[in-house]
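Have a look at the structure below before the remarks.
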Amino acid sequence: MILTDTMTSHSIDQLDPKDFIIIKNAQVNNLKNLSVAIPRNKLVVVTGLSGSGKSSLAFDTLFAEGQRMYVESLSSYARQFLGRMEKPEVEYIKGVSPAIAIQQKVTTKNPRSTVGTTTEIYDYLKLLFSRIGKTISPVSGEEVKHHTVTDVVDFINTFDEGEKVMITCPLHWVKGRTKSQELELLLQKGFTRILINGEAYFVEDLVKAATLLNGDYEILIDRVSVRHDDEDNQFRIADSVQTAFFEGHGECTVLVPGKERRTFSDRFELDGMSFELPSVNFFSFNNPYGACKTCEGFGSVLGIDPDLVIPDKSLSVYEGAIAPWRGESTGKWLEPLVKKGIYFDFPIHRAYEDLSDMEKELVWTGNSYFKGLNAFFEDLESKTHKIQYRVMLSRFRGRTTCPDCKGTRLRKDASYVKINSKSIADIVLMPINKALAYFRDLELPEAEQKVANRILKEILNRLEYIDKVGLGYLTLNRLTSTLSGGEYQRIKLATSLGSALVGSMYILDEPSIGLHPRDTDRLIEVLKSLRDLGNTVIVVEHEEKIMKAADQIIDIGPDAGVRGGELVFQGNLKELLVHGQSHTARYLKGEEKIQDKKQNRKWRDSITVKGARENNLKNLTVNFPLHALTVVTGVSGSGKSTLIKKVLYPALGKMLGTVIDESGKFDKLEGDYKKITQVEFVDQNPIGKSSRSNPVTYVKAYDAIRTLYSEQPLAKQRGYKPAFFSFNVDGGRCEACQGEGSVTVEMQFMADIHLTCESCKGKRFKNEILDIKFKDKDISDVLDMTIDEAMEFFKDKHAIINKLQPLQEVGLGYVGMGQSSNTLSGGEAQRVKLASFLGKGGTRPGDHVLFIFDEPTTGLHFHDIRKLLYSINALIDQGHSVIIIEHNTEVIKAADWVIDLGPEGGEKGGQLIFEGTPEALKEVEGNFTAKYLKESFE
């Protein structure tokens, strides 16, 4: 089926909703009566230029209707808002399945959120360990056991039918009572007999006796005969055993006179230690019961940071490696070590990094010849009443791994509970691919297997999906806030896929973000397996590899914004290449190209980072040329973000006095870094926290628009100042919605619902403000325009045009003037920041800015990448330098210099694999990036 025009109403109406998800005449946002039939149980890619209407079709139409239908099935509380909850502007949608949307989302900053909790694997681990975990004593290595009432009853039932059995427990004398008083109390409780040294006596007789016998006193709880098939007798035995445990403070004795005597204990003890019975909360670091008492479940404490104490590990102790002992007064702590080191064979002239672990430990603990760093900091702590000591301590304080739980966040005794010699702490510290192997090979006794079967199935399912999307190198204990954007996106994807629903509609928003082409292949396998389970998988995507793997491609266009919103093609890849005439088809055919690079730029100046060791970086020395386009690439998790975000950016920023973030571990910065006057990190974080923030306010274009409206004759007559046309301050804005145009209804246990403001009908301003017109358009009409439309509307107003033009140049002409910044994707937010800088008219003559971009092609079509590269090259031509963290082979191809990290992610990454031109990289054998780059050059 090839559809190059909007489907006819007749053809749509004839299709069966059992085979297709049918959308007829969708008009959401910029969609122009778009009708489309999406085949069920297929992998469908929705593509097109940024702003052409892909998300409007997939999320604002299809998913919104799926969500609305779901809410309709809920309680009356939820349904009371449905009358006001707007239906998507569409004639009808038929055949909608339960919808799951996995959208782009900014990584959580919650310090308690880990990979394990985000994917729900940790919840299943807690359940597994509380059910079948065995508590092992750290003293003897033996299993800690306790007896239950069932254990005792089963033991009694091992005797022959009719056997006479006595159930007893020790009598505990209470301090402050005489023996006679204790025995009288027993009578009151209903006990009539007692055993003294094995002989039975009536309690009543003993109370009357003048003197009491010495020896071991036991309360005779019950005397029973063994009757295997008598249910009432079984209940009686169980009740007596329960009473014995209570009266005997956890001990119960079963006695068969002349044959057997056995004592049972329900206390969880061994080797003189008392242990906690495992429960779900026992393994929860988000619960005060299970959290480590030292760090309260955070895994780190504010303590002395060894990296601040010994910042340059290439120095020896003699050369001043120990920073706090370099001072005149504190130098007296170093003297004994330098002078007496010869007596205990300590190498004072050897670099600290080359010392053995024992020698490093000695610097901290000290010995009989000198006092170590621990003693030094204890001494400082004792003098904190003086400000200079408090200041000195603060210089060496930082977040360090908790010494008690070693970063696992759990109370220490939780690690005593083990399954096949592994504790829950051991498992969360393993890379996920190793944890997966452990659970696959786990062999359990039959009874435990029955208990654990369902839990293990869920754990394995989720671990397999995380491994399949290329995140096997992460640990379950890894903080979610330390993940890269691509890693977090795939964690969310794996979480959704782990539930393995059938008959659902998965709508994914560019799952290939932040993925190296090697990892994209893995992702495609996951999407195909999801489809093969019996789900409809709809992917909004620009990645060529995913288009090639799709069963069907839906191309929206032909252009962005008002010139988009039409179905320009529907069919498979082969049909697209033969019949397609859209931008997508022309780039795939090679008729249009992203960039024709003539030659690599020649450069003289460069910056060198030496000895980068943060996270998984393996002591790297990397060269970054200036006045050139440098691309840092490598498979996901190889260390790109660590090298740039944690080491290079903070190190340069500190020297310029513009960054206060702590820089990662590295030795030194060399080269021409002093020639840089400013460093700009253009990331994908939202451009404004307020929902009233938008691209036009961010680039300062709205100031000129407000001024223009305040200069209109009617505005002057009424005395309206520019502030009256602002939706951020009181005056002209609608006070019901405070200039937002919508109000938010908070829903219990559901996402909040945003409804159009009934007072201003979404216009944002009071009616009297809307009386002011410029070319027959009020201020609200201007905010409803796209950037492209506004450029035409204000063409003779240079103050406005100059501010808006950079937005158009970076490919954001389709974005609405008043579009809330929190509705922009990460890639769009990044390009708004770039436009903001371009709009400032560059910098002062002679300024040299280093721009760092974090995956700027996120969410970009080939055509938009072309515009982006044009803007980036314009910056370099103005005399600046650009470093890009990127996987897109077209951007790598356009670079002057490529830095490739790897070879794998996590522990197997962090090495410098290649440094040079893209033309040289494509010839390297056995390199993942080179393999895909070579394909791009062909």
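Any value given below was found using the heavy atoms of this structure, including those in side chains, with hydrogens, waters and symmetry copies removed.
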> Does Lys716 make a cation-pi contact with Tyr720, if we ask for NZ or CZ under 6.0 Å from the ring centre and within 45° of the axis?
Replying inline: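 No - Lys716 does not lie over the ring of Tyr720 by the 6.0 Å and 45° rule.
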> Got a salt bridge between Asp796 and Lys775, using NZ or NE/NH1/NH2 to carboxylate O under 4.0 Å?
Replying inline: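 Counted as a salt bridge, because a side-chain N and a carboxylate O are separated by less than 4.0 Å.
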> Do the charged groups of Asp703 and Lys803 touch, with an N to O distance under 4.0 Å?
Replying inline: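 Judged by the 4.0 Å cut-off on N to carboxylate O distance, Asp703 and Lys803 do not form a salt bridge.
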Can you tell if the side chain of [X] reaches within under 4.5 Å of the side chain of [Y], non-hydrogen atoms only?
| X | Y | result |
| --- | --- | --- |
| Ile787 | Tyr814 | no |
| Asp788 | Arg563 | yes |
| Leu34 | Thr61 | no |
| Asn110 | Thr480 | no |
| Glu65 | Val90 | no |
| Met817 | Asn694 | no |
| Val696 | Gln819 | no |
| Thr119 | Ile491 | yes |

For residues [X] and [Y], report the shortest heavy-atom separation together with the two atoms involved.
| X | Y | answer |
| --- | --- | --- |
| Leu868 | Leu834 | CD1-CD2, 3.9 Å |
| Ile885 | Pro856 | O-CD, 4.1 Å |
| Met547 | Val45 | CG-CG1, 4.0 Å |
| Pro806 | Ala835 | CB-O, 3.4 Å |

> What residues form a ring-ring contact (aromatic ring centres under 6.0 Å, His included) with Phe63, not counting sequence neighbours?
Replying inline: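 Result, ring-ring contact (aromatic ring centres under 6.0 Å, His included) vs Phe63: none returned.
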Under 3.5 Å, is there a donor-acceptor pair linking the side chains of [X] and [Y]?
| X | Y | answer |
| --- | --- | --- |
| Thr47 | Asp555 | no |
| Ser512 | Glu541 | yes |
| Glu543 | Thr520 | no |
| Lys867 | His861 | no |

>> Classify the ring geometry of Phe774 against Phe794: parallel below 30°, tilted from 30° to 60°, perpendicular beyond 60°.
In response: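 The rings of Phe774 and Phe794 lie parallel, inter-plane angle below 30°.
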>> Can you tell me how the ring of His583 sits relative to the ring of His863, calling it parallel under 30°, perpendicular over 60° and tilted otherwise?
In response: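 Because their plane-to-plane angle is under 30°, the rings of His583 and His863 count as parallel.
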Once rounded to the nearest 0.5 Å, what's the spacing between atom [atom1] of [X] and atom [atom2] of [Y]?
| X | Y | atom1 | atom2 | answer |
| --- | --- | --- | --- | --- |
| Tyr709 | Phe725 | OH | CZ | 8.5 Å |
| Leu804 | Met785 | CG | CE | 11.0 Å |
| Tyr649 | Ser641 | OH | OG | 14.0 Å |

[X] side chain to [Y] main-chain N or O, any donor-acceptor pair under 3.5 Å?
| X | Y | result |
| --- | --- | --- |
| Asp519 | Leu515 | no |
| Lys773 | Gln712 | no |
| Thr857 | Leu860 | no |
| Lys763 | Cys734 | no |
| Asn873 | Tyr870 | no |
| Ser726 | Asn728 | yes |
| Lys94 | Ile23 | no |

> What do the steps show when you test Gln552 against Gln570 for side chain to side chain contact (heavy atoms under 4.5 Å, CB included), and what is the final call?
Replying inline: CA-CA 7 Å; Gln552 197 165 76; Gln570 183 176 4; 2.7 Å; yes
> Residues in salt bridge (Lys or Arg N to Asp or Glu O under 4.0 Å) with Lys761, at least two apart?
Replying inline: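 If we apply the salt bridge (Lys or Arg N to Asp or Glu O under 4.0 Å) test to Lys761, skipping adjacent residues, there are no hits.
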> Can Phe727 and Tyr702 be said to form a ring-ring contact (aromatic ring centres under 6.0 Å, His included), step by step?
Replying inline: CA-CA 11 Å; Phe727 42 75; Tyr702 197 54; 5.4 Å; yes
